[in-house]
Amino acid sequence: MDRRDFMKLGIAISATAPLSKIAFAKDPHHTDNMKPSSNIIEHVDEETKSLEELYEEAIIEGGELTVYAGGDTVGQQDGNANAFRKRFPKMKLKMNVDFSKFQDARIDLQLKSNTLAADVAHLQELQNYPRWKNEGVLQPYKPAGFSKVYDKFKDKDGAWVGICVNAFSNLSNVQLAPNPPVDANDYLDPKWKDKIIIDYPNDDDATQFLFMKVIEIYGWEWLEKFLKQNPIFVRGGQEPVDQVYSGQKSVAFGVFGDLEVNNTDKARFIIPKTDPFMAWAQRACMFKQTKHPAAARLYLNWWLSEEQQKHWYQWPVRTDIKPKGGYKPIWEYPNAYLDEFVDTMMDRGLMERFRAQLTQYIGEAQGMPSGGIQGRYPDTGH
């Protein structure tokens, strides 16, 4: 899949002091934004029907499906959407893509007014799924292949399941950066001055988390030196990828890229051996308010199918499918910080404090969101 189809501190410290682990200690009053659930979770078994049987049921239902996906541009999921349409040509799929932080707010507002448009949502904002489960708004479901999904990438009751792994690391243009930066300190080399592009880390939780890990290791002094390289900050992760591929910039820090490359590719995605990169399983769910449950079930089963898991440009979530490009399974990379990212996303106070501190260095995110302003109901503009 082409990369354009993708498609996610408790004390004040000095700018020169290394960031200790104490700075990342979780709030002692933090409770993952949840109270113990009083909802009785119904038991569900893993789906046994074939994709063809589920397809037939979705057609009988009306053949319509609306998906709210996290992403940077309205067309970022076109590759997946078109693959689904090709596989199931009678389905009418509406794929809405926007920043995950906008999608979850949109979904919450629609749920409260009983006007939910999304049949399925898959988002980077991982903290919402336990909350939605606790609120009783999710429809438990275990698609075929659920038992083969890595245990930490799914809810045991089927409230949600990871459908793909996204990772942020280094991307470099093969002609402009034949010896590209790999570790965070490599970006401080004077030869990369004016040649770096990056998504605002205080505008995106995943990029922010990567900065948290780098600063935890190298201190705020690293950020001061990084900023002296005059990196270009933009809103959304797609533009850095596009500019590196086009040769407008040499390197991008904290972005996505293809695991499998060939001699014609113009850019390379590189993960460090020990320095931080970061990854997560994009969680997907259906809702009790879902208007097209048969279509939602088809979509979730398709995502966990072998054909789609092998097609995905980064890591699969299934333990029985090998990653592309000779990579190990993502859970075998301790410097991907899978568990810590989930824990950190759940602690919104920690995220907000660090975001505010980042903003003191780089300023507020400037410019229009790369996905535009879509409103509460993207199909209508309202």
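Note that the coordinates shown come from a computational prediction; the quantities given were computed from them, not determined experimentally.
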Shortest non-hydrogen contact from [X] to [Y]?
{"X": "V214", "Y": "A184", "value": "CG1-CB, 3.7 Å"}
{"X": "M286", "Y": "A296", "value": "CE-CB, 3.9 Å"}
{"X": "G254", "Y": "T207", "value": "O-OG1, 4.1 Å"}
{"X": "L111", "Y": "Q289", "value": "O-NE2, 3.1 Å"}
{"X": "C285", "Y": "Y129", "value": "SG-CE2, 3.6 Å"}
{"X": "L176", "Y": "S250", "value": "CB-OG, 3.5 Å"}

Nearest-0.5 Å distance that lies between atom [atom1] in [X] and atom [atom2] in [Y]:
{"X": "S147", "Y": "D320", "atom1": "OG", "atom2": "CG", "result": "8.5 Å"}
{"X": "R106", "Y": "S100", "atom1": "CZ", "atom2": "OG", "result": "10.5 Å"}
{"X": "E125", "Y": "F99", "atom1": "CD", "atom2": "CZ", "result": "11.0 Å"}

Those residues that, when tested against K328, pass side chain to side chain contact (heavy atoms under 4.5 Å, CB included) (two or more places apart): E332, Y333
Quick check: are there more than 12 heavy atoms from other residues, nucleotides or ligands sitting under 6.0 Å from [atom1] of [X]?
{"X": "E52", "atom1": "CD", "result": "yes"}
{"X": "K148", "atom1": "NZ", "result": "no"}
{"X": "Q175", "atom1": "CD", "result": "no"}
{"X": "Q248", "atom1": "CD", "result": "yes"}
{"X": "K191", "atom1": "NZ", "result": "yes"}

Any donor and acceptor pair, going by atom type alone, linking the side chain of [X] with main-chain N or O of [Y] inside 3.5 Å?
{"X": "N202", "Y": "R355", "result": "no"}
{"X": "E47", "Y": "K49", "result": "yes"}
{"X": "Q314", "Y": "A167", "result": "yes"}
{"X": "N335", "Y": "D275", "result": "yes"}
{"X": "D265", "Y": "N262", "result": "yes"}
{"X": "D203", "Y": "R235", "result": "no"}
{"X": "Q238", "Y": "T73", "result": "no"}
{"X": "Q309", "Y": "E307", "result": "no"}
{"X": "N301", "Y": "L51", "result": "no"}
{"X": "Q110", "Y": "A105", "result": "no"}

Reference residue Y68; test side-chain contact (heavy atoms from CB on, under 4.5 Å); the match among V120, I107, L116: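 Considering V120, I107, L116, a side-chain contact (heavy atoms from CB on, under 4.5 Å) with Y68 is found only for I107.
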If we only count heavy atoms from C-beta on, is the [X] to [Y] side-chain gap below 4.5 Å?
{"X": "F341", "Y": "L126", "answer": "yes"}
{"X": "L350", "Y": "R353", "answer": "yes"}
{"X": "T344", "Y": "F354", "answer": "no"}
{"X": "T359", "Y": "E364", "answer": "yes"}
{"X": "F84", "Y": "L298", "answer": "yes"}
{"X": "R348", "Y": "Q127", "answer": "yes"}
{"X": "N185", "Y": "W222", "answer": "yes"}
{"X": "I362", "Y": "L227", "answer": "yes"}

Partner residues of E260 under the side chain to side chain donor-acceptor pair (under 3.5 Å) criterion, sequence neighbours left out: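 Side chain to side chain donor-acceptor pair (under 3.5 Å) list for E260, sorted by chain: empty.
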Would [X] and [Y] count as a close aromatic pair, with their ring centres under 6.0 Å?
{"X": "Y55", "Y": "W302", "answer": "no"}
{"X": "F256", "Y": "W315", "answer": "no"}
{"X": "F211", "Y": "F168", "answer": "no"}

Tell me, please, which residues at least two apart from [X] pass salt bridge (charged side-chain N to carboxylate O under 4.0 Å, His left out).
{"X": "D151", "value": "K154"}
{"X": "K225", "value": "E221"}
{"X": "K310", "value": "E306"}
{"X": "D183", "value": "none"}

I'd like to know if [Y] and [X] are part of one continuous hydrophobic network [Ile/Leu/Val/Met/Phe/Trp/Tyr, side-chain heavy atoms within less than 4.5 Å].
{"X": "L259", "Y": "I271", "answer": "yes"}
{"X": "Y200", "Y": "I232", "answer": "yes"}
{"X": "V251", "Y": "L188", "answer": "yes"}
{"X": "Y245", "Y": "V261", "answer": "no"}

Could you walk me through whether W312 and N80 pass the side-chain hydrogen bond (donor to acceptor under 3.5 Å, both in side chains) test, one step at a time? CA-CA 9 Å; W312 182 242; N80 292 316; over 6 Å; no
Looking at D108 and R131, is any side-chain nitrogen of the basic one under 4.0 Å from a carboxylate oxygen of the acidic one?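 Salt bridge between R131 and D108, a charged N being under 4.0 Å from a carboxylate O: yes.
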Step-by-step side chain to side chain contact (heavy atoms under 4.5 Å, CB included) determination, D205 to K101: CA-CA 9 Å; D205 282 341; K101 63 182 180 181; 5.9 Å; no
Using side chain to side chain contact (heavy atoms under 4.5 Å, CB included), reason through Q77 and V67 one step at a time and then give a plain yes or no. CA-CA 10 Å; Q77 285 283 340; V67 175; over 6 Å; no
Go through V182 and K273 one step at a time and tell me if the side chain to side chain contact (heavy atoms under 4.5 Å, CB included) criterion holds. CA-CA 9 Å; V182 178; K273 290 184 178 180; over 6 Å; no
Please state whether the rings of W303 and Y299 are parallel, tilted or perpendicular, taking 30° and 60° as the class boundaries.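 The rings of W303 and Y299 stand perpendicular, inter-plane angle above 60°.
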Partner of F253 under ring pair (Phe, Tyr, Trp, His ring centres under 6.0 Å), chosen from Y187, F233, F269, F277: Y187
Quick one: do N82 and R85 satisfy side-chain hydrogen bond (donor to acceptor under 3.5 Å, both in side chains)? Show the steps, please. CA-CA 5 Å; N82 290 333; R85 294 183 184 110; 3.0 Å; yes
Report the C-alpha separation of Y150 and V317 in whole Å, then their side-chain angles, then the decisive distance to 0.1 Å, and conclude whether the side chain to side chain contact (heavy atoms under 4.5 Å, CB included) test is met. CA-CA 6 Å; Y150 181 61; V317 296; 5.9 Å; no
